[in-house]
Amino acid sequence: MKEVLMPIAYPTKGSVGNTGLWRTLKPVINYEKCTKCFICWMYCPEAAILAEDKPVILYDFCKGCGICANECPVKAINMIKEV
Amino acid sequence: MGIVNILGKKEILMPGNPSCPGCGLALGLRYALKALGENTILIVPACCTSIVLGPYPKSSVGVPVFNIAFAAAASTAAGMSEALDLMGRDDINVVVWAGDGGTVDIGIQALSGAAERNNNIIYICYDNEAYMNTGIQRSGSTPRHAWTTTTVLGKKEPKKFLPLIVASHNVPYVATASIAYPQDFIQKLKKASSIKGFKYIHLHTPCPPGWRFPSDKTVEVARLAVLTGVWILFEIENGRLRLTGPSRNLVDKRKRLPIEKYISIQGRFKHISKEELEKIKEDVDKLWHTLIQYSSKENIEKQ
Ligand code: SF4
Ligand code: SF4
Ligand code: SF4
């Protein structure tokens with residue numbers, strides 16, 4: 001049988017690299033305030049927050065959109081300027 | 001951990017994909033893949049998602065994707081579902097994931113055909129209310145008076161409301177959803193996946209660059225669309241319409257938030273006059289009226 005070349009793309013984290021480099025503002029969780037409700041995890045469009053025993057942000061990929069900070073019911077996430 | 005268990009931890013849409021910061025469709029796709037699981041094939045016509053899926057040889061999602069021309073998504077999915085049926089595979093979700101341009105304008109003919117034949121597919125239209133990928137040109141789904149690059153003074157025509165057009169094909173399931181209410185969306189997806197035949201879900205997905213609002217407001221804008229009554233959550237199962245989520249309590253107009261709250265947060269409505277605002281309100285009232293009529297008619301028939 002003739003060989004057929006199949007152009008298949010494979011699932012990869014960071015399909016366009018470390019999108020964390022896009023960030024101008026960085027979300028930082030204040031764990032003293034955080035109630036572990038995981039609303040930030042639910043609404044992160046990037047899936048850049050891990051639901052461990054507390055929410056953990058993956059800074060390699062977080063684009064700094066700020067949705068997590070905007071949606072956090074106790075304002076436990078601060079958006080800090082990247083330097 | 002309640003919501004984590006409801007939504008599920010597994011991420012099939014992977015981080016580090018090319019969606020814009022705060023992208024509504026990316027959030028919607030993340031939810032959809034959580035609900036439908038890995039036994040899913042996505043059929044994607046040209047739209048923002050074609051980019052979000054990542055550049056070859058990498059893919060941003062852990063399911064097979066078939067990229068297809070604008071007009072052909074529903075017919076491709078129909079063929080695929082027929083083939084899977086012949087192979088005896090009834091455990092796979094064949095899902096069209098298409099933007100509003102590829103659905104309400106360019107894809108409507110294939111969509112209507114598949115709906116008429118009652119092909120066993122789930123068609124999800126994510127509605128960012130314009131051709132965002134090519135530079136914010138107006139689509140049939142752009143609402144009245146919204147700015148786009150081709151309607152610089154605001155669109156003159158009202159939004160084409162596709163869910164009711166699809167419903168008039170007598171398909172088993174039609175629903176609307178919003179990224180601000182993931183539990184509602186996920187319930188609808190799971191229901192759709194359990195029904196044989198043509199299922200249609202129209203998902204409201206705000207877009208920060210296209211609607212001209214800051215990227216942290218995406219969920220807030222989506223929520224305001226529902227709470228002001230501009231976007232109405234419902235499902236139509238075998239011809240019966242049922243309001244869902246917060247929309248259940250918004251039939252009484254006085255319970256809705258003022259539409260200004262939704263309009264003023266978005267730059268695409270910055271230019272509108274008082275008269276134009278009234279016209280937008282009129283459109284919303286009309287849609288509610290139609291939906292209420294639709295539901296009561298069905299309810300009367302059932303009695
Ligand atoms: S939304 Fe706020 S309180 Fe809830 S888990 Fe996230 S940081 Fe903590
Ligand atoms: S800033 Fe945006 S991308 Fe980053 S963790 Fe928050 S919601 Fe996710
Ligand atoms: S243009 Fe809008 S819909 Fe398209 S990827 Fe960007 S935010 Fe998402």
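In the text below, chain A, chain B and the rest are named by the order of the sequence lines, each starting its count at 1. This structure is a prediction, so every number in the text was calculated from the model and none was measured.
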- Item | Which of B/S19, B/A26, B/G62 touches chain A most, by non-hydrogen pairs under 4.5 Å | B/S19
- Task: Could you label the plane-to-plane angle of the B/H204 and B/W231 rings as parallel, tilted or perpendicular, counting under 30° as parallel and over 60° as perpendicular?
- Result: parallel
- Item | side-chain contact (heavy atoms from CB on, under 4.5 Å) between B/N93 and B/I41, intermediate numbers included | CA-CA 6 Å; B/N93 295 308; B/I41 300 172; over 6 Å; no
- Message: Does any backbone or side-chain atom of A/E46 lie under 4.5 Å from a heavy atom of chain B? Answer side chain, backbone, both or neither.
- Response: both
- Message: I need the contact set between residues 18-31 of chain A and chain B: heavy-atom distance under 4.5 Å, sorted by residue number.
- Response: A/T19, A/W22
- Task: Count the heavy-atom pairs under 4.5 Å between each of A/V16, A/L58, A/L50 and chain B, then report the option with the highest count.
- Result: A/V16
- Message: Within 45 degrees of the ring normal and closer than 6.0 Å to the centroid, is that where the cationic atom of B/R268 sits relative to B/W147?
- Response: no
- Turns out that what part of B/P182 lies under 4.5 Å from chain A's heavy atoms comes down to side chain
- B/L29 and B/W97: which non-hydrogen atoms are nearest, and at how many Å? N-CH2, 3.4 Å
- Query: Relative to chain B, which of A/A47, A/C44, A/G66 shows the most heavy atom pairs under 4.5 Å?
  - Reply: A/A47
- Which portion of B/K217 sits near chain A, non-hydrogen atoms under 4.5 angstrom: both
- Exam field: side chain B/S60 to backbone B/V52, donor-acceptor pair closer than 3.5 Å: yes
- Item | Closest non-hydrogen atom pair between A/W41 and A/I49, with its separation | CD1-O, 3.0 Å
- Task: Count the heavy-atom pairs under 4.5 Å between each of B/G54, B/C20, B/A180, B/P208 and chain A, then report the option with the highest count.
- Result: B/A180
- Message: Within the structure provided, determine whether A/E71 and A/M42 are in side-chain contact (heavy-atom separation under 4.5 Å).
- Response: no
- Region of B/V219 that comes under 4.5 Å of a non-hydrogen atom in chain A: both
- Close side-chain approach of B/L53 to B/V61, heavy-atom, < 4.5 Å: yes
- Proximity breakdown for B/I179 and chain A, heavy-atom pairs closer than 4.5 Å: backbone
- Task: Please confirm whether the backbone N or O of A/Y10 pairs with a side-chain atom of A/T12, one donor and one acceptor, at under 3.5 Å?
- Result: yes
- Item | Where B/L250 and B/R256 come nearest, the two heavy atoms and their spacing | O-NE, 2.8 Å
- Task: Can you tell which part of B/E220 gets under 4.5 Å to a heavy atom of chain A, answering side chain, backbone, both or neither?
- Result: both
- Output, in order, the C-alpha distance, side-chain angles, deciding distance and verdict of side-chain contact (heavy atoms from CB on, under 4.5 Å) for B/C48 and B/N128. CA-CA 10 Å; B/C48 279; B/N128 52 24; 4.3 Å; yes
- Task: Let me know which of B/T40, B/I122, B/V95 forms a side-chain contact (heavy atoms from CB on, under 4.5 Å) with B/S193.
- Result: B/I122
- What are the residues of residues 72-83 of chain A, in order of number, with any heavy atom under 4.5 angstrom from a heavy atom of chain B? none
- Query: Highest number of heavy-atom pairs under 4.5 Å with chain A: which of B/P57, B/S59, B/P214, B/P55?
  - Reply: B/S59
- Query: Where do B/E129 and B/Y262 come nearest, in terms of heavy atoms and distance?
  - Reply: OE1-OH, 4.3 Å
- Message: Closer than 3.5 angstrom, by distance alone: can the side chain of B/D127 be matched with the main-chain N or O of B/L203 as a donor-acceptor pair?
- Response: no
- Message: Any salt bridge linking B/K188 with B/E235? Criterion: basic side-chain nitrogen under 4.0 Å from a carboxylate oxygen.
- Response: no
